[in-house]
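Okay, so here's the structure we're looking at.
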Amino acid sequence: MRLAQLEAVVESLLFIAGDAVPLSAIAQTIEMDKATAKAIVQSLADQYEAEQRGIRIVEFDGAYQMCTAAECFSYIRSMYRSPQRQ
C-alpha cells in the first residue's frame with residue numbers, strides 16, 4: 001500500500017473510533033510495525049496542523065484520537081448555545 005493509502009486508512013480508523021485508538025491496534029490493522037504506524041499518524045497530525053484544519057490528532061498514553069482544534073472551541077460553543085430551529 002502506498003503512503004497516501006495508509007494515511008487514508010489510519011484517518012478513517014481514527015475518525016470512526018470516536019475514542020482514542022491504541023497504536024498497537026493501528027499497527028495491527030494496517031499490518032505494519034508500531035514505528036511505521038506512529039510515523040503515519042504523526043504525518044497526518046503534522047498535515048492537519050500545517051494546514052490549520054479544524055481537526056487535530058492528539059496522543060494520549062500511546063493511543064491517538066481525533067479532536068477539534070482548540071482555536072475552534074468558541075465557535076463550537078456558540079453553535080450549541082444557539083437555539084435550534086425546528
Side-chain angles (χ1 to χ4, degrees):
M1 223 184 284
R2 293 182 23 232
L3 177 59
Q5 292 169 313
L6 288 168
E7 287 177 341
V9 170
V10 170
E11 184 176 44
S12 65
L13 293 173
L14 294 175
F15 177 77
I16 198 69
D19 292 320
V21 180
L23 179 61
S24 59
I26 295 169
Q28 183 178 7
T29 302
I30 64 172
E31 299 176 343
M32 297 284 172
D33 59 80
K34 286 183 183 180
T36 302
K38 185 172 185 168
I40 291 168
V41 173
Q42 190 59 55
S43 175
L44 281 172
D46 292 345
Q47 288 174 48
Y48 287 171
E49 183 76 29
E51 295 172 5
Q52 298 180 332
R53 305 288 297 266
I55 300 293
R56 297 289 189 268
I57 297 175
V58 295
E59 181 182 2
F60 300 103
D61 296 324
Y64 295 88
Q65 184 173 8
M66 281 190 157
C67 301
T68 56
E71 57 270 19
C72 297
F73 178 73
S74 63
Y75 297 99
I76 295 166
R77 183 177 53 199
S78 175
M79 184 178 105
Y80 283 98
R81 282 188 181 171
S82 299
Q84 300 293 321
R85 289 185 172 175
Q86 296 295 330

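All figures in this text were calculated on a predicted structure; none of them were measured in a lab.
At a threshold of 4.5 Å between side-chain heavy atoms, the hydrophobic network of Ile, Leu, Val, Met, Phe, Trp and Tyr places Leu3 and Ile26 in one connected group. Val58 and Ile55 fall into different hydrophobic clusters, where Ile, Leu, Val, Met, Phe, Trp and Tyr residues are linked whenever their side-chain heavy atoms come under 4.5 Å apart, directly or through other members. Residue Phe15 is grouped with residue Leu44 when hydrophobic side chains (ILVMFWY) are merged at heavy-atom distances under 4.5 angstrom, including chains of intermediate members.
Qualifying side chain to side chain contact (heavy atoms under 4.5 Å, CB included) partners for Ala63, counting only residues two or more places apart in sequence or in other chains: Ala20. With sequence neighbours excluded, the residues satisfying side chain to side chain donor-acceptor pair (under 3.5 Å) with Glu51 are Arg53.
A pairwise comparison of heavy atoms in Leu23 and Ala37 identifies CD1-CB, 3.8 Å as the closest pair. When every heavy atom of Leu13 is checked against every heavy atom of Val21, the shortest pair comes out as O-CG2, 4.3 Å.
Sorted by first then second residue, the side-chain hydrogen bond (donor to acceptor under 3.5 Å, both in side chains) pairs that include residues 3-16, not counting sequence neighbours, are Glu7-Ser43, Glu7-Gln47, Glu11-Tyr48. Applying the side-chain hydrogen bond (donor to acceptor under 3.5 Å, both in side chains) test to every pair with at least one member in residues 25-41, sequence neighbours left out, gives these pairs: Asp33-Thr36. Screening residues 55-73 for side-chain hydrogen bond (donor to acceptor under 3.5 Å, both in side chains) gives Glu49-Arg56, Arg56-Glu71 as the qualifying pairs, with residues at least two apart or on separate chains.
The structure places CD1 of Ile57 at 4.5 Å from CE of Met66, a figure rounded to the nearest 0.5 Å. Expressed to the nearest 0.5 Å, how far CZ of Arg81 lies from OG of Ser74 amounts to 10.0 Å.
The side-chain heavy atoms of Ile40 and Ile30, taken from C-beta on, include a pair separated by under 4.5 Å.
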